[in-house]
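Scroll down for the structure; my scribbles are underneath it.
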Amino acid sequence: FLSELWLTETENIQLHNYNKDFDIFTSYAKKGMSGRPYRGTALMIRKTLPTPELIFQDDYATIARIKSNNFSILIAGVYLQCITNIPNYREIYSMQLANIGGIIKQFQASSETLVLGDFQCCPSTFNSERIYKTNALSTLLNEFISNLGLIPIDITKGTGPNYTYQHHTL
């Protein structure tokens, strides 16, 4: 899963040509307030797995399902927006979680669920070294996790970096 691609619609094709061993589902970034593209997600699924079905695609999430006779897994790649300088940012964040949650609920009875990505905060109930990353959106994320019966996991166990890269324009 890749998030915050910063690829525009015309640049998006570069990712699709990257490696022919993957089925690639992308959502391209839209221009942000300061002129550069923000957001965008991509799921890269090996072609050795059953052909994935694209379920949902927007600039904040790409969701696909891999289904065979033996298993079914719903994979959600998420990069939620946290634009705290606009008055309705909590409503936007809540709407994004509701959209993703509705899709997960639709497939929960028939598929295992894997949600990957950047939620722009940590749930305040999560026991991790990253607990300091809680913010005004953490309670909404807590509800999302609880309502769907998800289990949060920090694969770095708090030892990883606070960011994976920093663009030269930041």
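All values below were derived from every heavy atom in this structure, side-chain atoms included, with hydrogens, water molecules and symmetry-related copies excluded. Residue numbers count from 1 along this sequence.
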If we ignore hydrogens and angles and just use 3.5 Å, is the side chain of Tyr93 paired with the main-chain N or O of Phe119 as donor and acceptor?
yes
So does Leu148 get a backbone contact from the side chain of Gln108, meaning a donor-acceptor N/O pair under 3.5 Å?
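Side chain of Gln108 to backbone of Leu148, a donor-acceptor pair under 3.5 Å: yes, one is there.
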Between [X] and [Y], what is the shortest heavy-atom contact and its length?
{"X": "Leu114", "Y": "Ile73", "answer": "CB-CD1, 4.3 Å"}
{"X": "Ala42", "Y": "Thr62", "answer": "N-OG1, 4.4 Å"}
{"X": "Leu140", "Y": "Leu97", "answer": "O-CD1, 3.6 Å"}

Which is it for Asp118 and Val78 under the side chain to side chain contact (heavy atoms under 4.5 Å, CB included) test, yes or no, and what are the steps along the way?
CA-CA 6 Å; Asp118 186 344; Val78 175; over 6 Å; no
For residues Ile63 and Phe107, determine if any side-chain heavy atom of one lies less than 4.5 Å from a side-chain heavy atom of the other.
no
Do Gln57 and Leu43 come close enough that some side-chain heavy atom pair is under 4.5 Å?
no
Nearest 0.5 Å, please: how far is [atom2] in [Y] from [atom1] in [X]?
{"X": "Arg46", "Y": "Asp21", "atom1": "CZ", "atom2": "CG", "result": "6.5 Å"}
{"X": "Tyr79", "Y": "Thr41", "atom1": "OH", "atom2": "OG1", "result": "11.5 Å"}
{"X": "Ile104", "Y": "Leu150", "atom1": "CD1", "atom2": "CG", "result": "5.5 Å"}
{"X": "Ser94", "Y": "Asn99", "atom1": "OG", "atom2": "CG", "result": "9.5 Å"}
{"X": "Ile55", "Y": "Phe25", "atom1": "CD1", "atom2": "CZ", "result": "9.0 Å"}
{"X": "Met44", "Y": "Thr26", "atom1": "CE", "atom2": "OG1", "result": "10.5 Å"}

Run the side-chain contact (heavy atoms from CB on, under 4.5 Å) test against Ser72 and tell me which residues pass, sequence neighbours left out.
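Ser72 satisfies side-chain contact (heavy atoms from CB on, under 4.5 Å) with Arg65, Lys67, Ser111 once adjacent residues are dropped.
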Assess whether side chain to side chain contact (heavy atoms under 4.5 Å, CB included) is satisfied between Arg90 and Thr139, documenting all intermediate values.
CA-CA 10 Å; Arg90 284 181 57 86; Thr139 55; 4.0 Å; yes
